Amino acid sequence: MYRIVKKRLLAQGIALLEVEAAAVAAKVEPGQFVIVRVDEVGERIPLTVMDFNREKGTITIVVQDVGYSSAIITQMNEGDEFQDFVGPLGVASEIEKYGTVVCIGGGLGIAPIHPIARGLKDAGNHVISVLGSRSADLLILEDEMRAVSNEVVIATNDGSAGVKGFVTDGLAKVLSDGHKVDAIWAIGPMIMMKAVVEYTRPLGLKTIVSMNPIMVDGTGMCGACRVSVGNETKFACVDGPEFDGHLVDFDLAMKRLAFYKDEENRAKARLECHHEGGHH
Amino acid sequence: MAANKIPRHEMPCQDSKVRAHNFEEVALGYTQEMAVEEAKRCLQCKKPLCRTGCPVEVLIPDFVKQIAEENFEEAARILKVKNSLPAVCGRVCPQESQCESKCILGIKGESVAIGRLERFAADFGMKSKAAQIEKVEPSGKRVAIIGAGPAGLACAGDLAKAGHAVTVFEALHVAGGVLMYGIPQFRLPKDIVQTEIDTLKKMGVEILTNQVVGKVTSVDELMENGYDAVFIGTGAGLPYFMNIPGENLNGVYSANEFLTRTNLMKGYKFPDYATPVKVGKNVAVLGAGNVAMDSARTALRLGAENVYIIYRRSRDEMPARKEELEHAEEEGIQFRLLTNPVSIEGDERSWVKSLTCLRYELGEPDASGRRSPVPIPGSEFEIEMDTVVVAIGQGPNPLVTTSTPGLELNKRGNIVADPETLMTSKPGVFAGGDIVTGAATVILAMGAGKKAAAGIDAYLKTK
């Protein structure tokens with residue numbers, strides 16, 4: 001079993017969990033993910049890694065209460081255990097010295113961008129992080145991102161912190177400040193990643209995105225995580241999760257995320273019903 | 001009556017109309033009386049050809065004799081001498097093309113129902129817990145096995161019997177491989193698989209789940225960390241798709257995904273189990289092997305009204321076992337033969353709406369010796385469909401092979417192993433099962449696992 005040693009609420013419905021998983025922590029690299037299962041009846045849920053501590057043997061994940069399983073996970077507490085915790089999975093980010101790199105994290109996407117920004121900074125890059133959220137109170141991990149970035153630009157939809165607008169507006173600010181950007185990592189909701197690649201495509205700026213499709217085993221066995229990249233079908237679990245954003249078919253990816261929307265709603269409604277019944 | 005005049009005993013099954021709507025086991029197994037009567041048909045040949053048809057050389061006449069004499073526990077014990085998973089093999093082996101195909105009785109009449117007797121004896125042994133674990137002298141050698149599927153488990157069983165300390169590394173959260181994620185509950189109950197695996201654990205086999213070798217550790221690291229040999233039995237875990245338009249629409253599954261959601265994750269019990277699987281009214285399964293039959297029959301049990309097997313050749317060329325074809329047909333699976341999909345159409349929400357197919361006719365024999373399917377120009381037609389399951393086979397999973405420098409692969413990505421010892425191009429590293437042969441059967445993988453165990457044992461004795 002994999003015990004939660006630390007829990008911190010980052011914002012309404014967003015929890016950070018530090019979990020004992022020594023074998024995973026020994027090997028994980030920025031950009032990789034884990035698959036967790038809460039209990040015997042749980043789904044296998046892919047989650048990108050926010051942080052890792054090789055000495056302590058822990059992996060830190062950040063989960064937002066958006067569906068059935070994520071609702072259960074965000075309510076887990078210190079001392080609770082995951083039934084299963086598998087990883088590291090996927091291909092690690094290509095960390096090398098590019099020069100100036102922009103790391104864009106939108107919403108929950110700030111969590112997986114964190115170890116990538118740190119890796120890029122350690123590799124000698126000038127890292128400018130662009131962090132986006134709907135509003136200031138939903139902005140997560142700002143201090144952690146400042147610690148691994150040379151500069152930080154914040155964008156909120158309502159203007160309650162930083163630039164008013166989207167992460168693309170934050171990126172526009174970075175570019176208008178005269179930075180010559182050599183590479184961009186963008187992680188967040190599909191619609192955000194799509195907006196970023198549409199923005200950078202005409203500028204010819206290399207943009208890496210991290211796909212988060214539906215998965216089951218995470219080892220290439222089931223093919224649920226198919227993404228179309230440059231008109232070729234790739235499996236995000238073994239070929240990704242990172243791809244050249246300019247080649248990804250985001251419209252398809254967004255539609256595929258809705259595969260189990262009805263079932264997800266049904267399961268979540270049932271869970272809420274249980275809570276109201278006072279079973280928890 | 002002379003033994004060869006007694007007719008072969010049929011296997012009692014759940015009624016096809018009832019079973020098409022539940023996940024309980026289809027075949028019910030022999031009663032003691034039936035098993036004894038069937039066992040008495042065996043001629044106890046001096047040179048038993050049946051054994052030559054068995055990839056793991058089960059002591060067939062010996063265990064059958066014990067059943068005939070009503071010594072069921074002894075029959076179970078004899079089975080286990082050569083076969084670590086007899087309750088599994090009694091259910092999923094293609095006996096008709098193996099042991100039973102060599103039976104002398106089969107020349108003029110019907111062969112002894114060896115598979116059904118194997119199942120009977122194995123189940124009896126499980127219930128009576130008679131199978132005593134014999135203590136063996138530890139050899140002091142350690143072997144790592146990658147993959148807890150049929151090849152890995154068979155290899156583990158034989159190595160443990162030889163006194164070696166065995167650790168099995170399994171990527172999924174339970175051991176069993178295709179026996180757990182692939183073959184459905186109604187053909188192979190999962191508690192049977194787990195009971196067989198528990199026996200291996202009692203023999204001292206250590207099984208570590210959630211260990212993706214190639215990621216969390218590697219073959220080279222295992223060797224550096226004190227394992228004296230490694231066996232790779234990672235199987236054929238990379239699904240093929242048809243590469244036709246529309247294959248990424250919602251509602252299109254690989255058979256692996258469809259079966260994994262249903263079997264391993266128990267999607268048929270959603271929402272009590274959290275993993276969903278959905279089929280709608282009309283389901284097309286592309287392919288006609290055992291995996292296709294499993295997918296089709298699973299779709300029916302999940303509530304589909306019409307389930308089609310779409311196959312471009314004719315019935316005679318269908319690769320599935322005859323028994324599986326018959327069971328599928330009895331349950332109401334509809335065969336659309338000499339038919340091949342050309343595209344999948346979606347609705348505005350990107351969901352499968354229909355399947356466009358082309359009709360075929362049979363031409364001259366091709367390289368496989370089967371008459372080749374030839375498309376009939378202009379014969380396109382469209383069938384309404386909610387779900388498409390692609391069951392056209394799978395390739396070797398690359399996680400271990402690509403993370404092991406110096407491991408020789410063939411052009412298809414399968415590992416090259418010595419045909420006798422199953423040692424790979426890396427000394428001390430052995431491989432067997434689907435990762436070597438390409439997708440085949442449970443019993444062939446088990447045979448390879450046993451062969452590798454012999455190869456490993458011999459190798460360890462030279463060290």
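Letters A, B, ... are given to chains in the order of the sequence lines, protein chains preceding strands, and every chain is numbered from 1. The model shown is predicted, which means the values in this text are computed figures rather than measured ones.
- Using a 4.5 Å cut-off between heavy atoms, Val252(B) contacts chain A through both its backbone and its side chain.
- Residues Pro239(B) and Gly220(A) share a closest heavy-atom pair of CD-O, 3.3 Å.
- How far SG of Cys237(A) is from CG of Leu399(B): 7.5 Å, rounded to the nearest 0.5 Å.
- Heavy-atom distances place the backbone of Phe85(A), and not its side chain, under 4.5 Å from chain B.
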Report the donor-acceptor contacts between chain A and chain B below 3.5 Å as a table, one pair per row.
residue, atom, partner, partner atom, Å
Tyr2(A), OH, Asn210(B), ND2, 3.4
Lys27(A), NZ, Val216(B), O, 3.2
Lys27(A), NZ, Glu221(B), OE1, 2.6
Lys27(A), NZ, Glu221(B), OE2, 2.8
Val41(A), O, Ala274(B), N, 2.9
Arg44(A), NH1, His173(B), ND1, 2.8
Asp84(A), OD1, Asn210(B), ND2, 2.8
Gly90(A), O, Lys215(B), NZ, 3.0
Thr219(A), O, Asn397(B), ND2, 2.8
Met221(A), O, Asn256(B), ND2, 2.7
Cys222(A), O, Ser254(B), OG, 2.6
Arg226(A), NE, Asn248(B), OD1, 2.7
Arg226(A), NH2, Glu247(B), O, 2.8
Arg226(A), NH2, Val252(B), O, 3.1
Thr233(A), OG1, Asn248(B), ND2, 3.2
Lys255(A), O, Asn250(B), ND2, 2.9
Arg256(A), NH1, Asn248(B), O, 2.7
Phe259(A), O, Lys278(B), NZ, 3.3
Tyr260(A), OH, Tyr253(B), OH, 2.7
Tyr260(A), OH, Arg261(B), NE, 3.1
Glu263(A), OE1, Lys278(B), NZ, 3.0
Glu263(A), OE2, Lys278(B), NZ, 3.2
Arg270(A), NH1, Asp272(B), OD1, 3.2
Arg270(A), NH2, Pro271(B), O, 3.4
Arg270(A), NH2, Asp272(B), OD1, 3.1

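- By the side chain to side chain contact (heavy atoms under 4.5 Å, CB included) test, Val436(B) pairs with Ile415(B), Ala417(B), Ala431(B), sequence neighbours left out.
- Between chain A and the options Ala171(B), Ala255(B), Gly251(B), heavy-atom pairs under 4.5 Å are most frequent for Gly251(B).
- For chain B, no part of Ile45(A) is nearby; none of its heavy atoms comes within less than 4.5 Å.
- For the side chain to side chain contact (heavy atoms under 4.5 Å, CB included) test, no residue two or more places apart in sequence or in another chain qualifies with Ala26(A).
- Top candidate by heavy-atom pairs under 4.5 Å with chain A, chosen from Val174(B), Val212(B), Leu259(B), Leu264(B), is Val212(B).
- Contact check for Pro88(A) versus Val216(B): side-chain heavy atoms found under the 4.5 Å cut-off.
- Taking the side chain to side chain contact (heavy atoms under 4.5 Å, CB included) definition, one finds that Ala195(A) meets it with Thr168(A), sequence neighbours left out.
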